[in-house]
Each structure stands twice: as C-alpha cells, then as structure tokens.
Amino acid sequence: MSRKTVTIKDVAAEAKVSRATAARALNNYGYVGGAVSERVREAAQRLGYRHNRVAQALRRGELPLVGFIPGDVQNPFFAQIAHDLDRSLRPQGHNLLIACSEEDLEQERAVLENLRSLSVRGFIVAPTSEQETQHFRELAAAGTPIVMIDRRAGTIGCDSIVVDNNGGAREAVNYLVANGHRRIAFLGDEARIFTARERLAGYRQALQENEIESDESLIAVSSSTTKHAVETAIRLFRQTPAPTALFTVDSLMTTGALIALRSMGLSVPRDVSLVGFDDFDFATFTDPQITVVAQPIDRIGPLAAKILLQRIGGDQSEPQHHVFPTKLIVRGSVSAI
C-alpha cells in the first residue's frame, strides 16, 4: 500500500499552528517566532514532510515553461517539431510541455486551459479549426504570446508559420497527370483542418488546370489516424473502376493507404501510383520508396521557438507570417500508364 503524502495541513496540525504559519516557517518567508518555527520543523521531520519545489516554482511563475499543442505527437511531422522545439528552447533556459489535441476541438480547449494554469509563458500551436478560435483570441487578448504552426486560425493577431499547401498539392497531382493518370483519388483528413482544406483545394485546382473533371467518388475523408485511413482507403479502392493513382495529405494517411493497398493485394506502383504529402522515414523504408511533397520541417520548429522567445522577451512588433515552399521528391511509387 502506498504511503499517504504528507501536506502542509498535516504539519500545521501536528505543530498546532495555522497552515499559513507552517508554510512561512517551512518556506522561509514572512516572520515566524524562533520557538514556533522550530516546532514546525520538528513536526515536519517527524511526519516525513518533503517540499514540492516544482509546485512551488510553478505557483511563483519561476519555471520558464512553453506549451506545445500539436494534433498528434505520434504523427512524424509533429514528433520532429517537438524534438526541434525542445532543442531550441532548452539552451535558452525554457522547458517544453506537450499536450496533444488529437484534432478534437474540446480537447484542445481543455489542454490549453490546463497549461494556462501552470503559468505557461507562451504557446506554439497547430490549431484544430480555422473558425472555432475564441479560446485563442482570449489568450492573445490577455497578452500571452502564441505562434501558430502548420495551420492558421482565423484573424487572430499572432505569428504563424505554414507551408504552401495548395502549391505542393498541385505539384503532386500535376506529376501524376504527367504520367498519364486521370482517375486520381484523394485521401485526406477533416475539412475543418487548415492543411487538409488547402491540400484538397490544390488537388481540385490541378485537375481543373488539366481539364480533368473532379469526381467526388474519388475524394475520401478520414479521421487523422492510420487505422481510419486504412478503412477509408479500402472503401475508396473497392469502387469500379478503381483509381489508378492516389494523393494522400499527410504521413498517417500515406501509411494507412500502403497498409490498405497491401491488404487488397494491390502493388505500388504496378497497380496504383502513390504520392504523399510529408516526407518521413517510412517513405524511404518501403520498396519502392514513396514519392512525396516534402516540407522544410527542419526550419519550422527552430523558427517558431525563436519568434516565441522574442515575444516572451517583450517584442511587440507586428505579427510575422511565414510561408515556406514545398518540394516534390520523386522516388519510385509512380508509374506511367
């Protein structure tokens, strides 16, 4: 059986003093008479009381904390961002706290409030919705620095770092069209997510520019998990005629699509050509390796940390909005028809 944690209240009762007096004696602030102070310390020793220095520092705002709220840290993109943020912040004396929204708006609100209660000095966030942003507006109005990454959220006056999602999607689809594909499927996550909507718009625009009519039966939306992506991709390729090519909007969708195609006995690129948005390790471990639209991920985290630290330090200049270009990396997952 675990031992009950001894609290200030227990020490005060043992020493027959108020909680406030016990706290002053143990934490060395305010005035407490010598005899009373000694009685409190002896009571604390008898009970085995231990200071919770972390909790004390949090209450006093002495721990320089930065909050990071990604969609899902299991996503290789967000995992890399978290790693880069930590490496950038620690040398500057700041500690990173990570709390995932799991692309759920209510969870995002909850974790934001939890982190605020810890006196977090600033936030780096990938918002779940571009429209539902009141919680971020309140945070910004209170003067807490926010840097949005990967996605924008409404017209909040805060810094943002995104990539050219529309342009990257257009380049991917144009490459598939150049290889003779016209039945090109799209596998993405929910439309309220900024990146999904931008990449879908790029997909549609590329089809239009190539005079290919958009077929809604080729557009599939999945929750942002590999498991749901597998199920959605299977439904997508059970239709007749099946797509000859697939464009996926992130690494989780790409992984789910590969698992689904293999389970159906379909081979990449013999039966289906594939291009994914986001480069990740697994894309080069497969045979053939996967053609991807790569983001400059190694620049996003360090830049977000730099901007946030400047804001924490008092920089009140106009918000910065950075848009990085993407790059199509051609490997072996696309064949001509």
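The shown structure was predicted, so the numbers you read here are calculated from the model rather than taken from an experiment.
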- Between Asp159 (side chain) and Gln320 (backbone), is there a donor-acceptor pair under 3.5 Å? yes

- Query: So does Gln131 have more than 12 non-hydrogen atoms from other groups sitting under 6.0 Å from CD?
  - Reply: yes

- Task: Could you state whether Ile219 and Leu176 fall into the same hydrophobic cluster, counting links through intermediate Ile, Leu, Val, Met, Phe, Trp or Tyr residues with side-chain heavy atoms under 4.5 angstrom apart?
- Result: yes

- Query: Is the shortest distance from a Lys or Arg side-chain nitrogen in Arg204 or Glu216 to a carboxylate oxygen in the other one below 4.0 Å?
  - Reply: yes

- Distance, nearest 0.5 Å, that separates CD of Gln74 from CG of Asp72: 5.0 Å

- What about Ile312 and Ile98, same hydrophobic cluster or not, with Ile/Leu/Val/Met/Phe/Trp/Tyr joined at side-chain heavy-atom distances under 4.5 Å? yes

- Interatomic distance, Ser317 atom OG to Arg311 atom CZ [nearest 0.5 angstrom]: 4.0 Å

- Query: Is the shortest side-chain N to carboxylate O distance from Arg235 to Glu231 below 4.0 Å?
  - Reply: no

Side chains of residues 243-261: which donor-acceptor partners sit under 3.5 Å, not counting sequence neighbours?
unit_1 : atom_1 : unit_2 : atom_2 : d
Thr244 : OG1    : His181 : ND1    : 2.8
Thr248 : OG1    : Thr254 : OG1    : 2.6
Asp250 : OD1    : Leu252 : N      : 3.1
Asp250 : OD1    : Met253 : N      : 2.9
Ser251 : OG     : Asn75  : OD1    : 3.3
Thr254 : OG1    : Asp250 : O      : 2.9
Thr255 : OG1    : Ser251 : O      : 2.9

- Query: Are any of the side-chain heavy atoms of Ile184 and Tyr203 separated by less than 4.5 Å?
  - Reply: yes

- Note on the structure: To the nearest 0.5 Å, atom CG of Asn165 lies from atom OG1 of Thr195 at 6.0 Å

- Note on the structure: Between Ala99 and Pro70, the two heavy atoms sitting closest are O-CD, 3.6 Å

- Task: To the nearest 0.5 Å, tell me how far Ile300 CD1 sits from Asp150 CG.
- Result: 7.0 Å

- Could you tell me whether the side chain of Glu113 reaches within less than 4.5 Å of the side chain of His135, counting heavy atoms only? no

For residues 292-299, which side-chain donor-acceptor pairs fall under 3.5 Å, sequence neighbours excluded?
unit_1 : atom_1 : unit_2 : atom_2 : d
Gln295 : NE2    : Asp278 : OD1    : 2.3

- Note on the structure: To the nearest 0.5 Å, atom CD1 of Ile146 lies from atom OG of Ser160 at 12.0 Å

- Judged by modelled atom types alone, do Thr7 and Asp10 share a side-chain donor-acceptor pair under 3.5 Å? yes

- Between CD1 of Ile124 and CG of Leu308, what distance do you get to the nearest 0.5 Å? 5.0 Å

- Message: Under the criterion side-chain contact (heavy atoms from CB on, under 4.5 Å), I'd like the reasoning laid out for Arg121 against His94: C-alpha separation, chi angles, the key distance, then a yes or no.
- Response: CA-CA 9 Å; Arg121 297 185 178 181; His94 284 70; 4.2 Å; yes

- Is there a donor-acceptor contact under 3.5 Å linking the side chains of Gln239 and Ser217? yes

- Item | Cluster link Ile156 to Val162, ILVMFWY, side chain under 4.5 Å | no

- Taking 4.0 angstrom as the limit, do Glu106 and Arg109 come out as a salt bridge? yes

- Message: Just to verify, what does Thr291 make a side chain to side chain contact (heavy atoms under 4.5 Å, CB included) with, not counting sequence neighbours?
- Response: Tyr175, Val275, Leu328, Val330, Arg331, Ser333, Val334

